[in-house]
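Here is the structure we will look at, set down as structure tokens.
What you see below is based on every heavy atom in this structure, not just the backbone, and it leaves out hydrogens, waters and symmetry mates. Throughout, numbering of the chain's residues begins at 1 and tracks the sequence. Both counts, for ligands and for their atoms, begin at 1 and track the order of listing.
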Amino acid sequence: MANSRSSKTNRVRRQLLPVLLATAMVSVIPHVHADPLAPAGRWEGKAGGSASTPPMGWNSWNAFRTEVDEDKVMGAARVLVDSGLARLGYTHVNLDDGWWLKRRAGDGRLQIRTGIFPSAATGGPEGTSFKPFTDKLHAMGLKAGIYTDIGRNACSQAYDLHSPNLPQGTTAEREVGLEGHVAQDIDLYFKQWGFDYIKIDACGLADFVPGSDLVKQQNYRGQAPLIERGSINRTDIGAVRRRYEEVAAALKAARPANDYVLSICAWGMANVRSWGKDVGNLWRTSSDITPSWTSMLHNFDSAAKRALYAGPGHWNDPDILHIGHEAFDASHPVEVRSHFSLWAMINAPLLVSYDLRNGPASLLAVLGNADVVGLNQDKAGHQGVVAYDSDDAQIIVKTLGDGRRKAVALFNRGATPAPVTLLARHLKLSDSAPVLLRDLWSKQSSTFTGEKAFTLAPHETLVFEATGKRQLENGVYLSEIPGAINVAVDGTRQPQLDPTIHRMIDPWSSTRSGGSRPQYAGWGGAQADATPYGQALQVAGQGFGSGIGILSGSRLQVRNDAGHTQLIAAVGVDDSTENTRKPVRFRVYGDGRLLAESPAMAFGGKAHRLKANIRGVKVIELVVRGSASASGEAPPVVTTWGDVQLVRDAGGGR
Ligand code: GLA
């Protein structure tokens, strides 16, 4: 959509940009400390909402777009219950766009389109109500989800103009989004109508550009975009975040029992991949999935390297599943299993979105694979980490439960067969002891020692549960337990775009542009077993198969749930750093007290061995600080917490 903002506005925005960016960066810090690197001494991970494991259930969008109705939704709900999927955890039944009629003039109360939701025609002073609908779902043991937009207008009002189910009436009556009505609407949805889950889209902040054809032809109120789809630097990150924070606060007030789920749908834009964890329970990491293989790759990539930003209560969301359609319909069983396995491995929400009433049993069997669902729903909440990476094939490893069991996915991204050798080392298991593999699709078991070769069919994903002798018998590497880590400050300054995401032919613009340029910031964020820029961890020529890569000016928090007694690491400036001049210092804190620190470390210096006694400590904090003397303009230093691990005694596992 053309941006017709006046050049004067643009000039003012450009002058304001440094200020806006500075504001945005400050607001990325969960609790604004005077010194964001000072240890907090307590867990700062988010507390609001209830999504201790990734949400599962059904969403109406990919199935019906705006042509949703009560029969279709209740039909899906019945299949969830009758098929046993609900018992496996598929309990959320989420309405998407298309349910509304208008915002009533006078009191601003939202009215439901009763032509498609007949049970909402309750009459009386309220006009319409979703209470009968949510009551029915609750009586079936299910949960009810609703959809809205953070701005004034919803996505369908920009992109589904053909729809018979767009809001009706005056300009004001068609402003069905939250803007200006946060407290009123959240109260309505959660206290009066009894919804449990809300997905909040962001088209209202992006697509209703003053003076645009859309705004003129549809007679909308234009709004200068806070999200510019084509430019992260022209997006007002702080303002977008504050909008969602306002809703999070309203939800807390409406549901003090904390029994709600907040789903942020800003499509990976506005740097949400970095701050989503502090505001909502899940946040979209990319644009909408479409039923094509490469769209699935694109969406998978947008979340797959963000393991350290997710954990119990807060999840990367690469979008609802597109199982049931085109490249993922019942005639593509390999692709269906891959899509499902990958979402499971990276702790994505498992929200099915096809017409369940008419779906083939073979698809229900995939969704009903209790072993694969189980690894997604594992209570520890450790997102899978990429252990081998290439554009052709990947190996993703997820640590389950107490750290003893692993799940591993071997993933052929390409259209030709791929040779993939799995190493015990990929699993952080001993090379010299047998590893037991159980295939979670075929249910066959096998063992290997050291390594095992596979040939994957095109687009195939094999998923195994793996057990063996752990490399660390008395502890865990931090990169095995990303769900126990909160990236309080990741050291990134100017938001940078992630260049590692599969660039598909955009289904909306096709090739009518110079290329596909995803606008997902967060590049340079902390990574498990890789540097912030995706390189192998290495300090002065010494490689580390395990560790955390993070920029200087950072603070990580680690929950010591398992009561480990020692933290051990080999720390230093990573060989891949762009800034080779600035010295840094590594510090370990336990419940706010300094436990260990490195000397000033410079590029080329050998890794320094750090040990900290963490007996009895609940929250460990790992801080890397650059020397104050170096210029503030210089890029942060790439640093490595090599082999960083928690063990039960000083000599354990080495
Ligand atoms: C956006 C969202 C989708 C869906 C539609 C509804 O595109 O990203 O998931 O909710 O809006 O219009």
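Listed by number with element, the atoms of ligand 1 under 4.0 angstrom from any heavy atom of W267 are 8 (O). When each atom of ligand 1 is checked for a heavy atom of C265 under 4.0 Å away, the hits are 2 (C), 8 (O). Atoms of ligand 1 lying under 4.0 Å from at least one heavy atom of S156, given by number and element, are 12 (O). Of all the atoms in ligand 1, the ones that sit under 4.0 Å from a non-hydrogen atom of W61 are 4 (C), 5 (C), 6 (C), 12 (O).
Judged by the shortest distance from any of its heavy atoms, Y147 lies inside the 4.0 Å radius around the atoms of ligand 1. Assignment of K199 to the shell around ligand 1 is supported, since a heavy atom sits closer than 4.0 Å.
At a 4.0 Å heavy-atom cut-off, ligand 1 does not touch D160 at all. Proximity of S287 to ligand 1, defined as any heavy-atom pair under 4.0 Å, is not found for any part of the residue.
Counting only N and O atoms by type, the side chains of Y309 and N316 include no donor and acceptor under 3.5 Å apart. Side-chain polar atoms of S129 and T122 form no donor-acceptor pair below 3.5 angstrom.
The aromatic ring centres of Y159 and W508 sit 6.0 Å or more apart. Aromatic ring centroids of Y520 and H298 lie under 6.0 Å apart.
In this structure, atom 3 (C) of ligand 1 lies nearest to the protein heavy atom D288 OD2, 3.3 Å. Closest to atom 11 (O) of ligand 1, if we only count protein heavy atoms, is D201 OD2, 2.8 Å.
The pair D301-R413 meets the salt-bridge criterion, since a charged nitrogen lies less than 4.0 angstrom from a carboxylate oxygen.
Looking at D96 next to ligand 1, an N or O pair under 3.5 Å apart turns up.
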